[in-house]
Engineer: 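This structure is in structure tokens; I'll ask about it shortly.
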There are 2 protein chains.
Amino acid sequence: MKRDSRLSIVLHGLLHMEAHGKPMTSAELAVCMDTNPVVVRRTMAGLRDRGLVHSEKGHGGGWTIARPLGEISLLDIHESLGEPDVIGFSNKEESPGCLIEQAVNRELDATREEMRAAFAARMRAITLADIWESVRDRFVAHHNYRKDHHHDA
Amino acid sequence: MKRDSRLSIVLHGLLHMEAHGKPMTSAELAVCMDTNPVVVRRTMAGLRDRGLVHSEKGHGGGWTIARPLGEISLLDIHESLGEPDVIGFSNKEESPGCLIEQAVNRELDATREEMRAAFAARMRAITLADIWESVRDRFVAHHNYRKDHHHDA
DNA sequence: CAATTATGAAACAAATAAAGTTACATGAAA
DNA sequence: TTTCATGTAACTTTATTTGTTTCATAATTG
């Protein structure tokens, strides 16, 4: 299966927008994210429609985050992408006549529901601010490591 | 044909084998499962290699379950299929240099691990015997319903 | 107001992966 | 020795995601 990586793409883009400080164009984002400007627009479109980001045309235009990072959960973003299915396996047939296949589907459906619940619970609890802090922590750690170990004259 | 449905296919086939009582050919299974004999062989191959099922060539040959249903967990079967990834979303890049993308990956990786754990826990706890009972329960319920509501002269 | 720069969106092409199909070799039973 | 069944490789079809081209629209700049 070709797996959906839009959530990964969008999160990466959003945090670069935050780091940039001013509106960032689709072309600039595309370079950061090693993809295409049209892919950026297409992927951000859902977030724009929900008011998570803002886009502006013309000179000085581009993308900005429209809310405080702490008020955007990863679940909000997932929903803005149209809630693509996060499960990698499916039933051969969704409404089979066969009693055996029905029983198999019941069991696998229940498993998928549990996995979706685990996904939603975690994604609801995490905001962009959390990831942003995680970036900062690692950056500081890296900086301190270099400071403690540098061998310059 | 988008998501992997081999687990669904294999479970359906195994329980038909159980119901059949004698060796069942790939062609017979393919009819039950609305697929192709080669798909059946290909999908069952991993289970044969692990000793969950047995296959016999020639007249009277076909597939049989090699162990008591209660001793085959759904996780055993999943592993026999080569442990295909059960998650439907992925990272854009697996080992990025960008600190931001690394932080995004850490978060999504952790979420996927939780989902995989939920999958494995459930699949480990369920055996073919459980599904088989579920089939029987529904069959009996259906039979009783018909008995209580029939309107024959 | 015209040139430039940006998004919006449709349409199309490439890449990937699962499922289906064909073909044939191998082995077991009648 | 013929028939039936699995084992496997190679190829085709279909579904889905991602990438690309193209052009319309809007906002800013000179």
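In what follows, chains carry the letters A, B, and so on, assigned in the order in which the sequence lines appear, proteins first and then strands, with residues in each chain numbered from 1.
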Engineer: Whole angstrom is fine here: how far is it from CG in B:Asp4 over to C1' in C:dG20?
Structural biologist: 15 Å
Engineer: Checking A:Arg112 against A:Phe89: charged group under 6.0 Å from the ring centre and within 45 degrees of the axis?
Structural biologist: yes
Engineer: Within less than 4.0 Å of OP1 or OP2 of C:dT7, is there a side-chain N or O belonging to A:Ser55?
Structural biologist: no
Engineer: Round to a whole Å and report the spacing from NE2 of A:His54 to C1' of C:dG8.
Structural biologist: 14 Å
Engineer: Let me see the working for A:Thr35 and B:Lys92 under side-chain contact (heavy atoms from CB on, under 4.5 Å), right down to the final yes or no.
Structural biologist: CA-CA 10 Å; A:Thr35 182; B:Lys92 164 101 168 84; 4.2 Å; yes
Engineer: Could you give me the CA-CA distance, side-chain angles and deciding distance for A:Arg67 and A:Leu52, then say whether side-chain contact (heavy atoms from CB on, under 4.5 Å) is met?
Structural biologist: CA-CA 6 Å; A:Arg67 289 202 225 157; A:Leu52 303 187; 3.1 Å; yes
Engineer: Given that B:Lys92 and B:Gly62 both sit by DNA chain D, which one's nearest nucleotide is further toward the 5' end?
Structural biologist: B:Gly62
Engineer: How close or far is atom P of C:dG20 from atom CG of B:Asp34, stated in whole angstroms?
Structural biologist: 8 Å
Engineer: Work out which heavy atom in A:Thr64 is nearest to a heavy atom in A:Lys22; give both atom names and the distance.
Structural biologist: CG2-C, 4.5 Å
Engineer: Tell me the closest heavy-atom pair linking A:Leu99 and B:Val135, and the distance in Å.
Structural biologist: O-CG2, 4.3 Å
Engineer: Does anything in residues 35-51 of chain A reach DNA chain C, meaning a heavy atom under 4.0 Å, and if so which residues?
Structural biologist: A:Val38, A:Arg41, A:Arg42, A:Arg48
Engineer: Calculate the interatomic distance between A:Met24 atom CE and C:dA6 atom P; express it in whole Å.
Structural biologist: 12 Å
Engineer: How long is the line joining CD1 of A:Ile87 and P of C:dA18, in whole Å?
Structural biologist: 16 Å
Engineer: Can you name the closest pair of heavy atoms from B:Met33 and B:Ile9 and give their distance?
Structural biologist: CE-O, 3.0 Å
Engineer: What does the list of N/O pairs under 3.5 Å between the protein and nucleotides 27-30 of chain D look like, with a distance for each?
Structural biologist:
none

Engineer: Go through the steps for A:Gln102 and B:Arg138 under the test side-chain contact (heavy atoms from CB on, under 4.5 Å), then give the verdict.
Structural biologist: CA-CA 10 Å; A:Gln102 285 173 17; B:Arg138 290 289 175 117; 5.6 Å; no
Engineer: Could you check whether B:His20 and B:His16 have their ring centres less than 6.0 Å apart?
Structural biologist: no
Engineer: Closer than 4.0 Å, any side-chain N/O of A:Ser5 to the OP1 or OP2 of D:dT18?
Structural biologist: yes
Engineer: Between D:dT14 atom C1' and B:Arg3 atom CZ, what is the distance in whole Å?
Structural biologist: 15 Å
Engineer: Restricting to salt bridge (charged side-chain N to carboxylate O under 4.0 Å, His left out), what partner residues turn up for B:Asp137, sequence neighbours left out?
Structural biologist: none
